[in-house]
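All values below were derived from every heavy atom in this structure, side-chain atoms included, with hydrogens, water molecules and symmetry-related copies excluded. In what follows, chains are A, B, ... by sequence order, proteins preceding strands, each numbered from 1.
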2 protein chains.
Amino acid sequence: MKNSEVDRRVMKTRQAIHEALISLMEEKKYNKITIQDIIDRANVGRSTFYAHYATKDELLFSNVEDSLEILNQYIKSYIEHDEDKPGLISVVELFEHIKEHRKTIKGLFKEEGTDLFFEKVEAYWNENIEEYIKSKLPRGQEPKVPIEILTMHISSTIINLLKWWVYNNMSYTPTQMEQYFRNLVNPCIDSVINNHSEKS
Amino acid sequence: MKNSEVDRRVMKTRQAIHEALISLMEEKKYNKITIQDIIDRANVGRSTFYAHYATKDELLFSNVEDSLEILNQYIKSYIEHDEDKPGLISVVELFEHIKEHRKTIKGLFKEEGTDLFFEKVEAYWNENIEEYIKSKLPRGQEPKVPIEILTMHISSTIINLLKWWVYNNMSYTPTQMEQYFRNLVNPCIDSVINNHSEKS
DNA sequence: ACATTAATGAACACTTTGTTCGGTTATATT
DNA sequence: AATATAACCGAACAAAGTGTTCATTAATGT
């Protein structure tokens, strides 16, 4: 029986496959990567791959789950610290995290084949954001925009900023990006939640 | 020589292929549709397909270019009518257009394989929106958010709303969606362009 | 009616996929 | 150090898709 540890061979194989995928994603789009490519680069038998993962997507997500959890933490902390200094720290850190891990994470942002990934990210974030918005909303008051839409909009805004930023070689600093994010999102949250006059 | 018209056979074939793709996209994701599927459904020889289109994407875009042009018109008209009644009419019409053509256009919104399409849409829109923003910006004044980012954000917001709306079976009316769009976007445009106090 | 142009469908070499299975090697345990 | 176990290997497989070629047939415009 295994000592709650995994066979070293398994770890080695998984890592080889993992690294192969990452390395390939730096070169071409996820869509265009074949399992053949992966096992070639990983130096792993065909049957071995299928012993570990049923599909390419399964591999992707097993690779990405850690990243997902980390990204989620940033949003959580963004929300939790909102009272004092509205989210400044953690969104900066989110961008910094991406910048730091750009080599391994960049493939995920490359055109196409990113849908799957970002759907997951958004689903993660939506939970926390929705809760946050509800807590902000004065009781008994109808928001001008349905909460589900506002939530979706905020998640999407972060994701779009991240995508754009990576795609444009991170030409602004994380701090700037954070600032831009707040400039885009805070006014509309205020406006939706408070009964600001609609204005002409 | 052809009378600037196309051979009837060509039209017939193109249409058959076109309809095959549309019909397949109502059933499964674009990614999962093979050329084999298409020629089977279209009842068209393999070589015939390749005589017309080099790739599946080429087919997609030839199908979609008309839609693109139409969508672009809505944004143009949104911008042009902004002075009097800020964009109300044409964004409603945009959602109505989608609703009307949902059978043929819905496939494009189905998860995955939409990146290609929406990149095109966004590129189209960005041109017009950027121009619009520049015209709004008082001369010599620096916007709080770079224009390219603000532009991207507005395009993305419409696209996300459209996607979300279609994905959720168009559960709100086009007029409502238009209202939500404005509630999400106008406050942040105002805030970015005018030197509103940043507020605490 | 006739020359032109398009569609056909079969054949092709090629790649990818997912599975199977007997043989080999690394591993943990004793 | 010996051994049972579990993991890897790799070759082979059928099945499906890709993109091209080509000789044959049919529709079209004039």
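Residue B/Q15 qualifies as open at atom CD: its count of foreign heavy atoms under 6.0 Å is 12 or below. More than 12 heavy atoms of other residues, nucleotides or ligands lie within 6.0 Å of CD in B/E148, so this atom counts as buried by the packing criterion.
Mapped onto DNA chain D by nearest heavy atom, B/K12 and B/D37 fall at different nucleotides, with B/D37 at the one closer to the 5' end. In terms of position along DNA chain C, the nucleotide closest to B/V10 lies nearer the 5' end than the nucleotide closest to the other residue of the pair B/V10 and A/K56.
A/H52 and A/T48 get closest at one heavy-atom pair: CD2-O, 3.1 Å.
Residue A/R9 is in base contact, counting any heavy-atom pair closer than 4.0 Å across all strands shown.
Between B/I17 atom CD1 and C/dA7 atom P there is a gap of 8 Å when expressed in whole angstrom units. B/K32 has its NZ atom 16 Å from the P atom of D/dA16, to the nearest Å. With rounding to whole Å, B/Q15 atom CD is found 18 Å from C/dA6 atom P. Rounded to an integer number of Å, the gap from CD1 of A/I33 to C1' of C/dT17 is 16 Å. Distance CZ (A/R8) to C1' (C/dA26): 9 Å, rounded to an integer number of Å. Distance B/D7 CG to C/dA6 P: 6 Å, rounded to the nearest Å. Between A/H52 atom NE2 and C/dT19 atom P the separation is 15 Å, expressed in whole Å. Per the geometry, CE belonging to A/M11 stands 16 Å off C1' belonging to D/dC8, to the nearest Å.
Without hydrogens or angle criteria, B/Y180 side chain to A/L150 main chain gives no donor-acceptor distance under 3.5 Å. The backbone N or O of B/I147 sits less than 3.5 Å from a side-chain atom of B/T151, completing a donor-acceptor pair.
The side chain of B/I35 lies closest to D/dG19 when the candidates are D/dG17, C/dA7, D/dG19.
One finds a side-chain N or O of B/Y50 lying less than 4.0 angstrom from the OP1 or OP2 phosphate oxygen of D/dG19.
A donor-acceptor contact closer than 3.5 angstrom links the side chains of A/T34 and A/D37.
A search for side-chain hydrogen bond (donor to acceptor under 3.5 Å, both in side chains) contacts involving B/S171 returns nothing, not counting sequence neighbours.
Scanning residues 39-49 of chain A for heavy-atom distances under 4.0 Å to DNA chain D yields A/N43, A/V44, A/G45, A/R46, A/S47, A/T48.
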